[in-house]
There are 2 protein chains.
Amino acid sequence: MNNKEKLRKAGLRPTKQRMIIADILLDGIDRHFTAENLQNEINSSGNSMSIATIYNCLKKFRNCGLIKQVESSKDTAIFDTNINQHHHFLDEETGELIDIENDEVNLRKLPKIPQGYLNNGVEVLIKIKKQI
Amino acid sequence: MNNKEKLRKAGLRPTKQRMIIADILLDGIDRHFTAENLQNEINSSGNSMSIATIYNCLKKFRNCGLIKQVESSKDTAIFDTNINQHHHFLDEETGELIDIENDEVNLRKLPKIPQGYLNNGVEVLIKIKKQI
DNA sequence: AAGTAGTTTAGAACGATTTTAAAGTAAAAA
DNA sequence: TTTTTACTTTAAAATCGTTCTAAACTACTT
Ligand SMILES: [Mn+2]
Ligand SMILES: [Mn+2]
Ligand SMILES: [Zn+2]
Ligand SMILES: [Zn+2]
């Protein structure tokens, strides 16, 4: 399925800007990035785009499930092209994230979901720090 | 140990402002809160404090291990008075966090920590959503 | 008591993100 | 195809959480 079809299937109009972003993000390579990182990639590809459009598109892509947003206490939003359920190592010093595939983690025991709620995904974060 | 002693032991001068905050936060009750939440509590207690001081104190308290900061993709920092290793339920709609005590979770399998790094804590986040 | 290092503060500044509103574009209707 | 409609992009302004600045203040040391 090409990117135009992916956008259509997600319910998004394949505009010029969304296609530029899809060409960068939906190439099957897993990556973590910020809005600014993406703008730099757009610029490097010989294109340009308003930062407002980049935020608009990232929000649409995320809400459609084409990308994810990582839970992180950094002040800048971090997005993730790996949309499979998976986990992360986090170096709190640098903010660097490393993927952990889902089958690398196995939970023996999980707490009871609160009354009236449904489980909507489990994420394991392993904080790491450089050895001294 | 009283709050003045707790601050001293943490290497912090027990100033009037830090004592006001310690009286609110270090009462043994686990809670999740923002800087603004705390300012409201300070105001309700008949005191007042500059928002800069509140941020200064929260950062000091966190760096001394008197409180924690939660990993969250919300745009406002969320702090936690539960400093034991523990986990959370997160309602992504509302941002509400609910503690999961450490013994409620059991990991059968953990990935190998990357070369040159040390494990610095494991956090499990269970995203939940309201049943419809 | 005097010195000094650390702390508080109001307000300015900052940086990430969102809003505004006008111009442009894609899809639908005619 | 033309027209209409809803959606999208944009630069610039606004917003909002947080940090910085620098002057006044306070806790601790000598
Ligand atoms: Mn965040
Ligand atoms: Mn911010
Ligand atoms: Zn990832
Ligand atoms: Zn907690």
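A, B, ... follow the sequence lines: proteins, then strands. Residue 1 opens every chain.
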Applying side-chain contact (heavy atoms from CB on, under 4.5 Å) to A:Asn84 and not counting sequence neighbours gives A:Asn82
In this structure, would B:Leu26 and B:Leu38 fall into the same cluster of hydrophobic residues linked by side-chain contacts under 4.5 Å?
yes
By the 4.0 Å heavy-atom rule, please label A:Lys74 as base, sugar-phosphate, or nothing.
nothing
Holding to side-chain contact (heavy atoms from CB on, under 4.5 Å), I want the full list of residues that pass it with B:Phe89, two or more places apart in sequence or in another chain.
A:Pro111, A:Ile113, A:Pro114, B:Ile98, B:Ile100, B:Ile126, B:Ile128
Over how many whole Å does the gap from B:Tyr55 atom OH to C:dG11 atom P extend?
18 Å
How close or far is atom P of D:dT8 from atom CD1 of A:Ile51, stated in whole angstroms?
19 Å
Whole angstrom value for the distance that separates P of C:dC14 from CD of A:Glu36:
16 Å
Does A:Lys130 use its side chain to pair, donor to acceptor, with the backbone of A:Asp91 at less than 3.5 Å?
no
Please give, in whole Å, the distance from D:dG17 P to B:Asn40 CG?
12 Å
Just checking, is any N or O donor in the side chain of A:Asp80 or A:His88 under 3.5 Å from an acceptor N or O on the other one?
yes
Value in whole Å for how far the C1' atom of D:dT26 lies from NZ of B:Lys4
13 Å
Just checking, any donor-acceptor pair under 3.5 angstrom between side chains of A:Asn37 and A:Thr34?
yes
Contact pattern, 5' to 3', of nucleotides 1-9 of chain C - B, S or - by protein heavy atom under 4.0 Å
----BSSBB
Measure from CE on A:Met19 to C1' on D:dC7 and round the result to the nearest Å.
18 Å
Pick the closest DNA chain D nucleotide for B:Thr76 and for B:Arg8 by heavy atoms, then say which residue is nearer the 5' end.
B:Thr76
Is any NZ, NE, NH1 or NH2 atom of the basic residue among B:Lys68 and B:Glu123 found under 4.0 Å from an Asp or Glu carboxylate oxygen of the other?
no
Specify the separation, in whole Å, of atom CZ of A:Arg62 and atom P of C:dT17.
11 Å
Is A:Lys59 near enough to C:dT17 that one of its side-chain N or O atoms lies under 4.0 angstrom from OP1 or OP2?
no
Rounded to whole angstroms, how far apart are CD on B:Gln39 and C1' on D:dC16?
14 Å
